[in-house]
2 protein chains.
Amino acid sequence: MFSPTEENYLKAIYLLTEKDSARAVATNELSAQMNTRAASVTDMLKRLADKRLIHYKKYKGVMLTTSGKSQALAIVRKHRLWEYFLVEKLKFQWDEVHAVAEELEHVKSEALIDKLDSYLNNPKFDPHGDPIPDRLGKLSASGFKNLTSLKVNEKGKVAAVIEQQPAFLKHLDKLHIHMSTPLKVIEHIAFDKSMTISINQTATVNISHEVAKNILITK
Amino acid sequence: MFSPTEENYLKAIYLLTEKDSARAVATNELSAQMNTRAASVTDMLKRLADKRLIHYKKYKGVMLTTSGKSQALAIVRKHRLWEYFLVEKLKFQWDEVHAVAEELEHVKSEALIDKLDSYLNNPKFDPHGDPIPDRLGKLSASGFKNLTSLKVNEKGKVAAVIEQQPAFLKHLDKLHIHMSTPLKVIEHIAFDKSMTISINQTATVNISHEVAKNILITK
DNA sequence: ATTTTATTTTAGACTAATCTAAATATTATT
DNA sequence: AATAATATTTAGATTAGTCTAAAATAAAAT
């Protein structure tokens with residue numbers, strides 16, 4: 001159907017607009033996300049536009065068509081299901097699974113993914129808290145808040161993380177912050193936007209804005 | 001490390017010489033196995049020879065080097081472990097798994113395969129009865145006999161099948177011949193080399209030489 | 001409203017893997 | 001041993017995906 005490279009471009013466009021699917025993605029944004037040169041992106045955008053997977057106007061950036069979005073969701077579904085499998089069944093750490101899932105997501109078999117989904121009991125969120133689209137591309141609405149938006153004394157549990165680099169995830173491990181860990185805001189430091197929080201009612205630490213903005217919270 | 005295509009050529013050479021690793025594989029044999037033209041095979045053989053994965057003399061065919069063989073065994077290991085996973089855990093039929101495993105075998109992660117191996121409790125044979133190499137490339141010796149070599153009244157159980165095309169496997173399903181099914185030879189028909197056998201002490205049927213030679217038997 | 005800077009696109013080239021058609025080797029047959 | 005048939009290799013082309021360098025466009029700054 002589509003090559004792994006085409007799939008990766010579609011996925012990248014989707015992920016860059018996951019929060020705001022109306023906006024256009026710039027060529028340079030994509031080249032950064034894909035680790036390629038802008039010229040290569042332009043080449044690929046022409047091909048994807050020919051296949052009616054994206055809306056593309058020269059110099060104006062790119063958006064997914066309905067068909068492109070449903071393709072992208074299918075790939076994201078595969079990626080997140082495999083991540084869930086790797087952590088739940090094969091006992092990988094949550095910071096180790098991304099690279100492997102990048103490869104597994106391109107294996108082409110509807111039956112494989114549907115059977116994997118059943119085998120895992122149709123999980124709704126992957127190990128990083130990201131929603132897993134169902135066969136039809138539907139996402140469970142999360143209603144998560146960003147940690148930075150909580151007021152002093154507000155509490156919540158870790159529901160998801162945005163950044164998924166191993167370096168970031170290992171940092172959270174060191175702080176004993178995991179999925180479902182209870183957090184409470186002690187203080188916002190205006191000077192550097194950092195926050196003091198209590199973790200699991202035991203430790204109290206200061207975390208940078210950079211870290212806080214990558215943590216999503218639920219009740 | 002190696003491209004999926006390079007891996008496929010190594011695997012093909014290995015499988016063609018699994019019974020007799022001393023013999024050379026001809027270009028045309030490989031082109032048939034890989035569904036490509038002989039000219040493409042020649043191109044690839046030059047590349048594999050440059051990488052010291054095969055011994056190659058123009059017009060004289062090809063053999064794996066020690067390094068090529070250990071690469072090939074690693075790929076065969078992945079293929080057969082994934083087949084086992086697909087049948088045992090995801091409940092695929094044994095005739096459905098080959099194509100999917102062809103893709104999964106190229107996913108590059110030592111950790112993935114080792115963890116999968118443990119998760120499956122280090123199986124020694126795949127769903128078709130073929131031995132699964134261990135991490136070091138070692139195979140469990142099977143000592144299976146070909147069904148065609150059994151004498152009248154000799155008994156045994158199905159231990160493996162050679163041909164793995166869905167059409168063949170479905171034919172066996174129809175005859176209720178599966179892994180471990182007890183068989184007994186009733187008669188050899190000299191005229192067409194077919195055999196009459198009893199299956200599971202219930203049915204008695206005649207099977208062609210073509211079918212019989214693809215079934216391996218153990219006690 | 002120009003000019004400068006940044007972004008994006010085009011032009012042309014490269015590699016891996018494939019193909020067809022033609023040339024060359026090997027093997028089999030008379 | 002010469003010839004015919006088969007197998008293999010070479011030559012040259014093609015496609016996907018990438019690159020660098022240069023040209024074109026858009027956005028920002030004066």
Side-chain angles (χ1 to χ4, degrees), chain A residues 1-17 23-64 68 71-72 75 99 102-103 105-108, chain B residues 1-17 23-64 68 71-72 75 99 102-103 105-108:
Chain A
M1 200 61 174
F2 302 107
S3 72
T5 311
E6 289 171 326
E7 293 187 347
N8 283 335
Y9 275 91
L10 292 175
K11 185 183 58 163
I13 298 166
Y14 173 81
L15 294 175
L16 288 168
T17 55
R23 83 179 180 84
V25 173
T27 302
N28 264 358
E29 258 188 293
L30 260 179
S31 80
Q33 178 90 358
M34 303 281 308
N35 269 302
T36 53
R37 296 316 185 112
S40 311
V41 173
T42 302
D43 286 347
M44 179 56 85
L45 293 184
K46 286 182 198 160
R47 265 173 279 162
L48 295 177
D50 285 349
K51 297 188 177 183
R52 318 262 156 209
L53 294 164
I54 57 172
H55 296 293
Y56 171 56
K57 281 256 152 63
K58 270 193 202 180
Y59 295 100
K60 296 298 176 195
V62 66
M63 284 175 60
L64 293 170
Q71 282 301 325
I75 300 152
E102 289 283 300
E103 291 197 59
E105 75 193 8
H106 300 296
V107 173
K108 287 181 177 17
Chain B
M1 200 61 174
F2 301 107
S3 72
T5 311
E6 288 171 326
E7 292 187 346
N8 283 335
Y9 274 91
L10 292 175
K11 186 182 59 162
I13 297 166
Y14 174 80
L15 292 176
L16 287 169
T17 55
R23 85 180 178 84
V25 173
T27 301
N28 264 357
E29 258 187 295
L30 261 178
S31 80
Q33 178 89 359
M34 303 280 308
N35 269 303
T36 54
R37 296 315 185 114
S40 312
V41 173
T42 301
D43 286 347
M44 178 56 85
L45 293 184
K46 286 182 198 159
R47 266 173 279 162
L48 295 177
D50 285 348
K51 296 187 178 184
R52 318 263 157 209
L53 293 165
I54 56 171
H55 296 293
Y56 171 56
K57 281 257 153 63
K58 269 194 202 179
Y59 296 100
K60 296 298 177 192
V62 66
M63 284 175 62
L64 293 171
Q71 282 300 325
I75 300 153
E102 290 283 299
E103 291 197 60
E105 75 193 8
H106 299 297
V107 173
K108 287 182 178 11

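In what follows, every heavy atom counts, from backbone to side chain, and hydrogens, waters and symmetry copies are set aside. Naming convention: chains lettered A, B, ... in sequence-line order (proteins, then strands); numbering from 1 in each chain.
Contact check, Arg37(A) against dT18(D): no side-chain N or O comes under 4.0 Å of OP1 or OP2. Between Tyr56(A) and dT9(C) there is a side-chain N or O to OP1 or OP2 distance below 4.0 Å. Regarding contacts with the backbone of dT24(C), every side-chain N or O of Lys58(B) stays at 4.0 angstrom or more from both OP1 and OP2. At least one side-chain nitrogen or oxygen of Lys46(B) sits closer than 4.0 Å to the OP1 or OP2 atom of dT10(D). Side-chain nitrogen and oxygen atoms of Asn28(B) include at least one within less than 4.0 Å of the OP1 or OP2 phosphate oxygen of dT8(D). Contact annotation: Ser40(A) side-chain N/O to dC19(D) OP1/OP2 distance is under 4.0 Å. Listed pair Arg47(A) / dG17(D) meets the phosphate criterion, a side-chain N or O lying under 4.0 Å from OP1 or OP2. Note on Tyr9(A): every side-chain N or O is 4.0 Å or more away from OP1 and OP2 of dA16(D).
Here dT9(C) presents its C1' atom at 14 Å from NZ of Lys60(A), a figure rounded to the nearest Å. For Asp43(B) and dG12(D), the CG to P distance is 14 Å, given to the nearest whole Å. Rounding to whole angstrom units, CD of residue Glu6(B) and C1' of dA16(C) are separated by 9 Å. To the nearest angstrom, P of dT15(D) lies 14 Å from CG of Asp50(A). Rounded to an integer number of Å, the gap from CG of Leu45(A) to P of dT18(D) is 12 Å. Between the CG atom of Leu30(A) and the P atom of dT9(C) there is a distance of 11 Å, rounded to whole Å. The interatomic distance linking Phe2(A) (CZ) with dG17(D) (C1') rounds to 17 Å, in whole Å. At whole-Å resolution of the value, CE in Met1(B) and P in dA16(C) are 16 Å apart.
Screening Glu102(B), Glu6(B), Gln71(B) for a side-chain hydrogen bond (donor to acceptor under 3.5 Å, both in side chains) with Lys11(B), the sole residue that qualifies is Glu102(B).
For Thr42(A), the side-chain atoms get nearest to dT10(C) when compared with the rest of dT10(C), dA26(D), dA17(C). When distances are taken from the side chain of Ala39(A) to each of dA11(C), dA26(D), dG17(D), the shortest belongs to dA11(C).
Checked by atom type and distance alone, the side chain of Arg52(A) never pairs as donor or acceptor with a backbone atom of Gly68(A) at under 3.5 Å. In this structure a side-chain-to-backbone donor-acceptor pair under 3.5 Å is missing from Arg23(A) to Met63(A). When atom types are taken as modelled, the side chain of Thr17(A) and the backbone of Ile13(A) share a donor-acceptor pair closer than 3.5 angstrom.
Take the nearest nucleotide of DNA chain D for Ala26(B) and for Asn35(A): the residue whose nucleotide is more 5' is Ala26(B).
Minimum heavy-atom separation, Lys51(A) to Phe2(A): CD-CE2, 4.2 Å. Pairing each heavy atom of Thr27(A) with each of Ala38(A), the nearest pair is CG2-O, 3.7 Å.
Within the 4.0 angstrom heavy-atom criterion, only backbone atoms of the sugar-phosphate kind lie near Thr36(A); the bases stay farther away. Contact annotation for Thr27(B): backbone-only contact, meaning every heavy-atom pair under 4.0 Å involves sugar-phosphate atoms and none involves a base. Note on Thr5(B): only backbone sugar-phosphate atoms sit closer than 4.0 angstrom, heavy atoms only; bases stay farther off.
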